[in-house]
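Worksheet: one structure, shown below.
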There are 2 protein chains.
Amino acid sequence: MRRAEAVAGGGPVRAPRTGRPTLEEVAERAGVSRATVSRVVNGQTTVAEDLRRAVEAAAAELGYVPHAAARSLVTHRTDSVALILPESPNRVFSDDQFFPSVIRGVAAELDAAGKLLVLLTTGSAEARSRAERYAVGGHVDGVMFASLHDADLLPELMLRRGVPVVCNGLPHLAAPCIDVDHIGGVKAAVEFLLAKGRRRIATVAGPQDMVAGRERLDGYRQALAAADRRAIVAVGDFTAESGHAAMRQLLADEPDLDAVFVASDLMAHGALQALREAGRSVPGDVSVIGFDDIALATYCDPPLTTVRQPIAEIGRSMARTMLRLLEGREVEPLTILPTELVVRTSA
Amino acid sequence: MRRAEAVAGGGPVRAPRTGRPTLEEVAERAGVSRATVSRVVNGQTTVAEDLRRAVEAAAAELGYVPHAAARSLVTHRTDSVALILPESPNRVFSDDQFFPSVIRGVAAELDAAGKLLVLLTTGSAEARSRAERYAVGGHVDGVMFASLHDADLLPELMLRRGVPVVCNGLPHLAAPCIDVDHIGGVKAAVEFLLAKGRRRIATVAGPQDMVAGRERLDGYRQALAAADRRAIVAVGDFTAESGHAAMRQLLADEPDLDAVFVASDLMAHGALQALREAGRSVPGDVSVIGFDDIALATYCDPPLTTVRQPIAEIGRSMARTMLRLLEGREVEPLTILPTELVVRTSA
DNA sequence: CTGTTAGCGCGTTCAG
DNA sequence: CTGAACGCGCTAACAG
């Protein structure tokens, strides 16, 4: 990996055509020192106009692009941040639109700030340790976590290593968090069902190792308790299949239920199918309300009444918080985004 | 940015607690040289067992993680590769499952190889030049392009800069390409419609600045020409809205059409809606066939007959090709994956 | 098998 | 305002 030696025979010693031009080569071509080129490239204003132009010309002709590694070795910055998606790639990029929407929000905000987004999925133990090494190894300036599980130690680990962290889905951490008002949204949904005269209201809850799963169940319980009604609960894992299975379970346990709040739209889609198979009409026999308001909700048959959470805004907000963190500015320790009931046909 | 100076007063000079341990600190703690630590960290077998253990212990205690920039500055490797998605983040992470599925395939394969995936969207000119600087700047070892547009100069640019490239959607490049058999799949679809006795078969074509758009239209034309029938064409851009508009156009131009091949499932979904609004039954009055076989196809009403392309396999194949390229091995210049007609209800 | 040495390409003092 | 010199943390020759 060493540069070519001078050619034997005493001809003029020319630097070999290396793959990429370096600062030094630009400097030589422009007839200035490396330091001056560096200043120009980094937009310092303390360079004489003619030199600056010479440097810019030389850089353009050579197609100079600073070497990322060399630069970040000395600056300790990379101008890129990671978004960690604590699921397998299969899950992240499935038909659940949650992660894609978060990504979209993050990407938009980072793009505007000229930062780069690195996506990491940590669905396996191996992937998790790779992500750790990646972040701690200084590949990125900070790390954002989407939809964390309770048991995930990665955020704390990174914090301890001095990596700036922003998260979603675990509010009690020593890092700024972005989340939505799960409980308020679910209460509105259940109250809507009660106001419609529904009396036996069940729920398909989400996974209980996640805040989103627990709080949506809490909201349901609180609303029912306030109306002095009994809770009827089945638990799924946010997938359509689990929603289908949970709905069957509910129908078996409680055949006379007349409404169900399902903790995600994807599960609601599965639940609708189970109701159809059981010969129940929606919303005639059973009212159904979902949670998320992803595109699928409008495709459902009938179109799904659901609690909208601003998913892309979670991403945007995380990104903005991270950018502020990287600038050393103050940030809100906890940001709660609003949810709202979107009434369609299923309830 | 300089290390703390020795403390005045002559006490023992201790290295200040820097943010992250370096090779040197591990070496000192283990009582060996930096080189030996480097060897152990990089898994070389030429280190005596006792030293290796001492190094491993020291590294573990200090929580040593190699500094990415320093390493890749000398190795010229980063162990990560980029996947470029030549659309805006909004488009990439929309309800079109194409990109997510490609990502999934790429991620799976790269994961298995211990490489990291960096996702870049190049929907704007600015994003494009940022991606260029990123790749040329040596952040990644190679670049993969998904679903290229004809006019995209980025691949050639990167090639010229010596960056390894693999692409999808532009087969005539000086880089290995992965694509699917568009024409064969579409021919099968149209022939299926003809065999069913359909006589006035229209098409909603995709964007004509992409191979996928052009070849699917070609396949349609070839199959109709072989049957001595007239082509009836409207053009969309692969979105549901454009499919809806194109279908309305077709119905206005050719009210007695009895079948339509739509060049993407998302457009087909829009087309179905337009047909419904126009009071045409599917498949009674009009047969509809889509292209892709994403999850949406099964949600359609009626479930969509469609040409399946192995989207995730495109991603896997791109990743495998890239890995081989990075190892300096031979690769196929062109890989064509098969398509197949999946018959459901809409035709 | 191990340690010593020389850069990788760049930003950044510090003199001039 | 400019250039010379140093070091970021690491790998890879080269000696021993």
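Heavy atoms only: backbone and side chains are in, while hydrogens, waters and symmetry mates are out. Below, chain A is the first sequence line, B the second, and so on; all start at residue 1.
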With B:Arg39 via side chain to side chain donor-acceptor pair (under 3.5 Å) - residues at least two apart
none
Below 3.5 Å is the cut-off: list the nitrogen or oxygen pairs between protein and nucleotides 2-6 of chain D, distance only.
from, atom 1, to, atom 2, distance (Å)
D:dT2, OP2, A:Ala48, N, 2.9
D:dG3, OP2, A:Ser33, N, 3.1
D:dG3, OP2, A:Ser33, OG, 3.3
D:dG3, OP2, A:Thr36, OG1, 2.9
D:dG3, O6, A:Arg39, NH2, 2.7
D:dC6, N4, A:Arg34, NH2, 3.3

Geometric class of the A:His139/A:Tyr134 ring pair [parallel <30°, tilted 30-60°, perpendicular >60°]:
parallel
Closest heavy-atom contact between A:Val92 and A:Pro100?
O-CD, 3.7 Å
With sequence neighbours excluded, residues passing side chain to side chain contact (heavy atoms under 4.5 Å, CB included) with A:Arg316
A:Glu109, A:Ala312, A:Glu313, A:Arg320
For A:Tyr64 and C:dG9, give me the distance from atom OH to atom C1', rounded to whole Å.
7 Å
Respond yes when some side-chain nitrogen or oxygen of A:Arg71 is under 4.0 Å from OP1 or OP2 of C:dG11, and no when none is.
yes
Expressed in angstrom and rounded to an integer, what is the separation of A:Leu62 atom CG from C:dG9 atom P?
14 Å
Applying salt bridge (charged side-chain N to carboxylate O under 4.0 Å, His left out) to B:Glu24 and not counting sequence neighbours gives B:Arg34
Give the rounded distance in Å between these two atoms: CD of A:Glu24 and P of C:dG9.
10 Å
Contacts of B:Glu56 meeting side chain to side chain contact (heavy atoms under 4.5 Å, CB included) (sequence neighbours excluded), chain-then-number -> B:Val40, B:Arg52, B:Arg53
Residue whose closest nucleotide on DNA chain D lies nearer the 5' end, B:Ala70 versus B:Gln44:
B:Ala70
Between its two end axes (five pairs each) the helix from C:dC1-D:dG16 to C:dG16-D:dC1 turns, nearest 10 degrees, through 40°
A:Ser80: partners by side chain to side chain donor-acceptor pair (under 3.5 Å), with sequence neighbours left out:
A:Thr78
Under the side chain to side chain donor-acceptor pair (under 3.5 Å) test, residues paired with B:Gln44 that sit two or more places apart:
none
Rounded to the nearest Å, what distance is computed from the CG atom of residue A:Asn42 to the P atom of nucleotide C:dT13?
13 Å
Write down the distance between CG (B:Asp79) and P (D:dT11), rounded to a whole number of angstrom.
11 Å
May I ask you to say what A:Leu73 touches in the nucleic acid, namely base, sugar-phosphate or nothing, with a heavy-atom cut-off under 4.0 Å?
base
So, OP1 or OP2 of D:dT11: does either fall under 4.0 Å of a side-chain N or O from B:Thr75?
no
Starting at CZ of A:Arg77 and ending at C1' of C:dG11, how long is that distance when rounded to a whole Å?
11 Å
Under the side chain to side chain donor-acceptor pair (under 3.5 Å) test, residues paired with B:Asp79 that sit two or more places apart
B:Arg77, B:Lys115
Separation of atom NE2 in A:His76 from atom P in D:dG7, rounded to whole Å
14 Å
